[in-house]
Engineer: 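Questions regarding the structure given below will be posed in turn.
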Amino acid sequence: MNETNKIAGIYVRVSTEEQSREGFSLKEQEERLKEFCQFKRYSIYKVYKDAGISAKNDKRPAYQEMMNDVRNKNINVIVAFKLDRLTRSVYDIEKLMKIVNDNECDIDCMADESNTTTSNGRMIMRIMTSVSQNEIEKCSERTKFGMAGAIRSGHIPNQPPLGFKRVNKKVNSRSIKDIIIRIFDLYLEGKSYQIIANIYNDEQVLGKTNWRDSTINHIMTNELYKGDYVHGKRTKHPTYYENVVEPLVSKQKWDDCQYQKLRNARHYERTATYLFTNKLKCSSCGRFLGGCATTKPNGKKYYYYKCEHCKITYKEKEIEQELMACILELIKTDMMINDYYTPFIKSKLDNKDINYEKELKELDKQLDRIKSVYIKGIMKIDDFEQEIKQIEFKKQKLNKEWQDQKQYENLNFTIDDLLILEDKYNLDTFINPREFMNRIINYQNKSREDRQKMISTYIDNLEISKNHNKLKIEHYHFRKSFLTDLLTFNEEYNLPLNYSLFEDEYGIPIPQNNEVKTKEESRNYFNKLNSILGNEYKLNYYEIDTDDDLTNLKISSEIEVEKIIRLITLKIEKFDNGNLKLGVITVDLSDIKDSKNNQIFKELLGKIKDAFKEDEFV
């Protein structure tokens, strides 16, 4: 081409980082390139400007516009300050050179003498582009390395999700963690995303009425809530970082929710409430049972579960009856956790980092600022009312937390107090049979939704079978998060953790706390229990040695009907034989009789024993 016929397109670009560097501004580049074109006698067709855009690829508006003008023969030479203004990618430089060659266009760079008019110029362009790409890759590696260190220190990129806020540039848990935990708990109880959103809208949680199922889904699937972070989650090569922030929910609870989600995805939407949805497994084939229901002419609805592979059907009522003893134990555990364990734990927590008075004053200042903005006409009435509502909700919540904390600080629970509450609950089962029956009736009178919630909260799945038309629960599998919580309660706060190493002569498991006591401590516990409960409960205390097989629980007693209530592991003393020693607390049931003066429990416990033997539990 004749140089006098050159029509130039001037290309100038700066990245965000380079905008602050002297000599790289768009204006500076443009002025110097216009002088360069004048010197070369190029006529200028247009100046193409890309501001704040990297050259790692060619997805740049002005650059693409210039390429179109090359194809349309509007320009026949591209003028740039340096080659790296055009591109830093080897792939893109090859694509650029093909376009300019196909359209008889040249490239002329002012500062590094890169051009396409000679073979040497083209070689230099390729070499310089390779160097530029290498610099990009090294910079990217340094950035990734720095970002990895920052993430591990709690510096999470992007906006923190609900429940977190930035403190000193780090992401930390916020005081609304109970709202987040409740979302996970509701899901484990069997609630769908939409139902959870509806509950929060009805309660106007955080002063909002725009909770959506998608909001709940984003919370449920965000690893940050269990303390982890995934960088580049939507890319082909995401990076997983563990334990980068304080978790709002335990890892086990988060994983349980993901597992529940997978199980829910395998079952179609149901219009009825099934007590054991996704809970029953066939012990023969391992498949989950599907639910079905029939409505009789009288309007009563009956629920069934069927293994499609083995063609076996189970009645829901029979499953619930078979599970009743376990359900009553779960009701007791639920009551102990909600009414006693949780307040006990909160009384031990150090919440000095939350200055409730300061937080409330800050909210009052926010109220004043919003009112001032509204009075000046800057804010609309709808926005004003929404902001006021949210702040008032936060104030109410903080005030409640402050009052609760004051109450928790005044609690004087001890471990023995909690054990006594549990023992009293168990004793009432025998001392007051009517109370025991009331518990069963109260459970049966609950709505299907509440009963389903109780089962879903604690039970992961049940393996069931049927032999000669008789239902049997082969294995109980409790939620790992529930068991983990009990272990955590014990390890961190020394709360009671019962296990059943022994069964009594009737085949009933006997509660035994994992705490070891001296003989004196064990007797003191019995005396305290006896003193609190009074003469109505005829309690007795023994100390026994077990045999090597841990099977001997014989008590020297002349009481006709006696039931073991609790075993206490005794500390081995200097001159003991080394066998396990136990403190044994029993209750005398001989005097509990019916209207015909018959001993109620003599016959009843005998039947229980036969039932356990029949089911091969002994």
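These numbers come from a predicted model, not from an experiment.
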Engineer: Identify whether the distance between the nearest side-chain nitrogen and carboxylate oxygen of Arg451 and Glu316 falls below 4.0 Å.
Structural biologist: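 Glu316 and Arg451: not salt-bridged.
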Engineer: Any sub-3.5 Å donor-acceptor pair from Lys279's side-chain atoms to Leu462's backbone N or O?
Structural biologist: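 Not a single qualifying donor-acceptor pair exists.
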Engineer: Looking at Leu418, is its backbone amide N or carbonyl O close enough to the side chain of Glu422 to form a donor-acceptor pair, meaning the two atoms are under 3.5 Å apart?
Structural biologist: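 Between the backbone of Leu418 and the side chain of Glu422 there is no qualifying donor-acceptor contact (under 3.5 Å).
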Engineer: Side chains of Glu474 and Ser283: any donor to acceptor distance under 3.5 Å?
Structural biologist: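 Checked: Ser283/Glu474 side chains show no N/O donor-acceptor pair below 3.5 Å.
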Engineer: Indicate yes or no: does Lys251 engage Glu242 in a salt bridge with an N to O separation below 4.0 Å.
Structural biologist: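 Salt bridge absent between Lys251 and Glu242.
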Engineer: What pair of heavy atoms forms the shortest contact from Leu162 to Trp211, and how long is it?
Structural biologist: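 For Leu162 and Trp211, the tightest heavy-atom pair comes out as CD2-CH2, 3.5 Å.
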Engineer: So how far is it from Ser522 OG to Glu515 CD, rounded to the nearest 0.5 Å?
Structural biologist: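 These two atoms lie 10.0 Å from each other.
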Engineer: A cation-pi test, strictly: NZ or CZ of Lys315 under 6.0 Å from the centre of the six-membered ring of Tyr304 and no more than 45 degrees from its axis. Yes or no?
Structural biologist: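 Not flagged: Lys315 not positioned over aromatic ring of Tyr304.
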Engineer: Within a radius of less than 6.0 Å around NZ of Lys453, do more than 12 heavy atoms belonging to other residues, nucleotides or ligands occur?
Structural biologist: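 It does not: Lys453 NZ has 12 such atoms or fewer within range.
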Engineer: Which distance, rounded to the nearest 0.5 Å, do you find between the CD1 of Ile532 and the CD1 of Ile420?
Structural biologist: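 Those atoms lie 4.0 Å apart.
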Engineer: If only side-chain N and O atoms count, and only distance matters, is there a donor-acceptor pair under 3.5 Å linking Asp423 with Tyr525?
Structural biologist: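 The criterion, which ignores hydrogens and geometry beyond distance, is satisfied for Asp423 and Tyr525.
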Engineer: Do Ile388 and Leu367 have side chains that get closer than 4.5 Å, going by heavy atoms?
Structural biologist: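 Yes - at least one pair of side-chain heavy atoms lies under 4.5 Å apart.
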Engineer: How far apart are the closest heavy atoms of Asp185 and Lys253, and which atoms are they?
Structural biologist: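 Of all heavy-atom pairs spanning Asp185 and Lys253, the closest is OD1-NZ, 2.7 Å.
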